[in-house]
Amino acid sequence: MSALSKTMTGGVSRIILNVYLVIFFLYMFLPLLIMVIAGFNDFSQPSVTVWKGFTLKWFGVLAGDARMWAGLLNSVIIAVAVIAISLPLGLAGALLVTRLESRYNGLLYGILVSPLLTPGIILGISTLVFWQRLDVPGGLFTAAIAQSTFISSYAMLMFMARLQRQDLSLEEAAADLGATHVQSFYRITLPFLRPTIATAAVIGFFQSFENYNTTIFSIGGQHTLVTEIGSRMRFGLSPAINVIGILFIVITIVFATLYVLFRERERKRESAR
Amino acid sequence: MNSLVRSFGTWMTAVILLLSSTWIVGMIVAPQLIMVEHSFWYLDKGGDEAALSARIDNLYNDLDILSLDKSDAELLSDEAQRAQVLAEIDSRAVAIQSEIDTLETQEVAPEKVYSLHNYTLMGKSHLLIFLKTIAASLTVTFIAFVVCYPIAYTVAKLATPGKAAIIMLGLIIPYAINELLRVFAWLMILNYNGVANFFITWMGFDPVPFLESGSGVFIAMIYAYVLFMVFPIYNTVETLDTNQIEAARDLGAPMWKIHWHIVLPHAKPGIAVGCIMTFMLSAGSYAVPYIMTRGTASPWFTQLIYNKFFESSNWNAGSAYAFTLLVACVLFIFLLMRIFKVGIREIAR
């Protein structure tokens, strides 16, 4: 009897959970669907309630938008600069924290990850104020620096996770065979870190490209694609914004699917071992 | 230090230290300190000082007008009259210029005064907005936890691997789509002539001013940041040994007891991270209130900071506001570390 009631309640709670999941994912995806549909509506405002017919013309409108293209170029410039800054800094931080045997290790670690726990606008503001003291006005440079402050922390955490799995006996063997520190770093540590370097670069690129809160406070009179999207959303709504949404969603779906497939493959490989 | 040299040799240790200290000092510590320092002074122009500089500005205006008169006078056809007018204008210009020079020597650079002035500037109304922002962010954090815990638990422990991968994909896609675009989707729904009001009026009710009342900010904020709670909780629940749950169930523990005594204690670091991220993102969000109020509802605290910096150009007051926000976030982090009894190492992983 008790076993029966247990499976009964198990069944009921399973149904409740499934219903909950369905509602949750409707909540997550319906707004995005509405945004996508409005991008194909032949109406001058982003709307799904007033339907004037299917059109692709907003893609053309977006493609002819010079400010958006300029913003895209700025975004890419900043993102490349951010990668160039944050990978070395993140790697240096990771090597420092993993290998330094000191009682200040915890403090050091706390400072290096603190940008991740600081609101983005504060990072933007402090960078802006700091560089203004050195007579450098807000612009692409300060935006790249402000973003690198926290993207370096992401890179550091990724490098640390990888370094913790490193087999130190390889380095010792290399040293025994007469390799210099620089040689063993280039021949052993760096190749071992290569996958992480690639992942950190990709994640850093997207973190930088998508950033709004830090960038808007540190970029001065310049604009990136995302800050431009922000000001368009507030002033002069046009379905061209929905088209950007469609493009972002497609790109995101492709990358997210690749990521999940990759993860599944890794997981299967692990369990096959 | 010796341990570093042992691993990397002198040269690479020097490079590592150089890069790390550039990052720590030049990008993290110094900018924060400068911002805090900036918040504790203001430029005192003084009452007389302001009148003086206004007078100097007026005199410069007079000079400009004179030079216009001069170019007019040069077009006069009568030579004698022209010479007379030009001489008159020149002598007046010289007089004004000498007055400007004497006044400018009296003018001193505005004085830099260290005080709490920028903080007291906040006043009752801005303090109220600050408290409202904090309260709203706490509510967002709480709702996010309630919504996300079952999801995270399902993906980590209940679903079959295939189903878990699909749910994971369903979580990652909205998580990775740009924050602004997710908020924009809600702007389309909650706008005065948006989808929500379309159904509300269709059912025969009056349209609801979501954006003007400020509720739009709150709704969009939950949507924008809810997923930052899922992944940290998922990461910790996943490491829980499923045997523990099964053992408890076999021994007859009801579902809520299993969660209260086994899953939740194990997930503590993840919950702490999720709460910190969600709170920090909500309280520090500029994008969501910027888009979802369109200047009609009462502002979020971050918007006050933005206005201080880029509308009234008072960076000192702006820094003071920013530092206030930072302190609130730091206090929240320490509070959660205390409540959940977790260290910084467990938080930032």
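Protein chains get the first letters and strands the later ones, always in sequence-line order, with residue 1 at the start of each.
The aromatic rings of A:F248 and A:F209 sit tilted relative to each other, their planes meeting at an angle between 30° and 60°. The aromatic rings of B:Y153 and B:H259 sit perpendicular, their planes meeting at an angle over 60°, well past the 30° parallel limit.
Between chain A and the residues B:R182, B:E37, B:M255, B:M277, the largest count of heavy-atom pairs under 4.5 Å involves B:E37. Interface check for chain B: of the options A:Q132, A:M160, A:E172, the most heavy-atom pairs under 4.5 Å are formed by A:Q132. Most heavy-atom pairs under 4.5 Å with chain A: of the set B:V147, B:I305, B:V330, this distinction falls to B:V147. Ranking B:F199, B:F184, B:Y175 against chain A, the residue ahead of the rest is B:F184, based on heavy-atom pairs under 4.5 Å. Ranked by heavy-atom pairs under 4.5 Å with chain B, the first of A:L108, A:L21, A:T118 is A:T118. Chosen from A:S153, A:P115, A:A175, the residue pairing most often with chain B at heavy-atom distances under 4.5 Å is A:S153. Put simply, of A:L261, A:N242, A:I251, A:L30, the one with the most heavy-atom pairs under 4.5 Å next to chain B is A:N242. Interface check for chain A: of the options B:M168, B:M35, B:M280, the most heavy-atom pairs under 4.5 Å are formed by B:M280. The candidate with the highest count of non-hydrogen atom pairs below 4.5 Å against chain A, out of B:G194, B:A283, B:G284, B:G162, is B:G284. Counting heavy-atom pairs under 4.5 Å between each of B:Y223, B:Y286, B:F309 and chain A puts B:Y223 at the top. Of all the listed residues (A:F206, A:F25, A:F255), the one sharing the greatest number of non-hydrogen pairs under 4.5 Å with chain B is A:F25. Of the listed residues (A:V48, A:I216, A:T127, A:I244), the one with the most heavy-atom contacts under 4.5 Å to chain B is A:I216.
Only the side chain of A:Y20 has a heavy atom closer than 4.5 Å to any heavy atom of chain B. For B:I166, no part lies near chain A; criterion is any non-hydrogen pair under 4.5 Å. Of the atoms belonging to A:F24, it is side-chain heavy atoms, and not backbone ones, that fall under 4.5 Å from chain B. Contacts between B:L187 and chain A at a heavy-atom distance below 4.5 Å involve the side chain alone, from C-beta outward. For A:Q45, the part lying near chain B is the side chain, with the backbone staying farther off; criterion is any non-hydrogen pair under 4.5 Å. In this structure, chain B has heavy atoms under 4.5 Å from both the backbone and the side chain of A:E210. If you measure heavy-atom distances from B:L211 to chain A, you find no contacts under 4.5 Å at all. Proximity to chain B (any heavy atom under 4.5 Å) is shown, for A:V36, by neither the backbone nor the side chain. Contact of A:S86 with chain B is not made at all, since no heavy-atom distance falls under 4.5 Å. Both the backbone and the side chain of A:S152 come within contact range of chain B, each with at least one heavy atom under 4.5 Å from a heavy atom of that chain. With a 4.5 angstrom heavy-atom cutoff, A:I253 touches chain B via backbone and side-chain atoms both. In this structure, chain B has a heavy atom under 4.5 Å from the side chain of A:Y259, while its backbone stays farther away. Using a 4.5 Å cut-off between heavy atoms, A:T149 contacts chain B through both its backbone and its side chain. In this structure, chain A has a heavy atom under 4.5 Å from the side chain of B:K163, while its backbone stays farther away. Proximity to chain B (any heavy atom under 4.5 Å) is shown, for A:T98, by neither the backbone nor the side chain. Contacts between A:R99 and chain B at a heavy-atom distance below 4.5 Å involve backbone atoms as well as side-chain atoms. Of the atoms belonging to A:V182, heavy atoms from both backbone and side chain fall under 4.5 Å from chain B. Both the backbone and the side chain of A:L128 have a heavy atom closer than 4.5 Å to some heavy atom of chain B.
Side-chain atoms of B:T133 come within 3.5 Å of backbone N or O of B:F301 as a donor-acceptor pair. Remark: side-chain polar atoms of A:R232 are not paired, donor with acceptor, to backbone N or O of A:S238 under 3.5 angstrom. For B:N118 (side chain) and B:S39 (main-chain N/O), a donor-acceptor pair under 3.5 Å exists by modelled atom type. A donor-acceptor pair is defined here as one N or O able to donate and one able to accept, closer than 3.5 Å; such a pair exists between the side chain of A:T142 and the backbone of A:S218. In this structure a side-chain-to-backbone donor-acceptor pair under 3.5 Å is present from A:S114 to A:I111. Judged purely by atom type and a 3.5 angstrom limit, B:T201 has no side-chain atom pairing as donor or acceptor with the backbone of B:P207. Under the 3.5 Å distance criterion, the side-chain polar atoms of A:N211 are left unmatched by any main-chain donor or acceptor of A:Q207. Remark: the backbone N or O of A:E228 is paired with a side-chain donor or acceptor of A:S231 at under 3.5 angstrom.
Results of the side chain to side chain contact (heavy atoms under 4.5 Å, CB included) test with B:L227 over B:L171, B:I173, B:I151 single out B:L171 as the only residue that passes.
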Quick one: do A:S47 and B:M188 satisfy side chain to side chain contact (heavy atoms under 4.5 Å, CB included)? Show the steps, please. CA-CA 7 Å; A:S47 171; B:M188 287 187 58; 5.5 Å; no

Under the side chain to side chain contact (heavy atoms under 4.5 Å, CB included) criterion, do B:V288 and B:W186 qualify, and how do the steps go? CA-CA 10 Å; B:V288 180; B:W186 278 93; over 6 Å; no

B:Y234/B:I167 under side chain to side chain contact (heavy atoms under 4.5 Å, CB included): CA gap, chis, key distance, verdict: CA-CA 12 Å; B:Y234 163 78; B:I167 298 178; over 6 Å; no

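Close approach to chain A, defined as a heavy atom under 4.5 Å from one of its heavy atoms, is seen in B:W315, B:S319, B:A322 of residues 314-323 of chain B, taken by number.
The number of heavy-atom neighbours closer than 6.0 Å to OH of A:Y27, taken from other residues, nucleotides and ligands shown, is above 12. Atom CH2 of A:W51 has more than 12 heavy atoms from other residues, nucleotides or ligands within 6.0 Å.
B:N307 contributes atom CG, which lies 10.5 Å from atom CZ of B:F310 (distance to the nearest 0.5 angstrom).
Contact check for A:I85 versus B:W23: no side-chain heavy atoms found under the 4.5 Å cut-off. Put simply, the side chain of A:L95 does not reach to within 4.5 Å of the side chain of B:M12, judged on heavy atoms.
Judged purely by distance below 3.5 Å, without hydrogens or angles, the side chains of A:T215 and A:Q147 pair a donor atom with an acceptor atom.
Residues that satisfy the side chain to side chain contact (heavy atoms under 4.5 Å, CB included) test with B:A287, not counting sequence neighbours, are A:Y212, A:N213, B:E179, B:L180.
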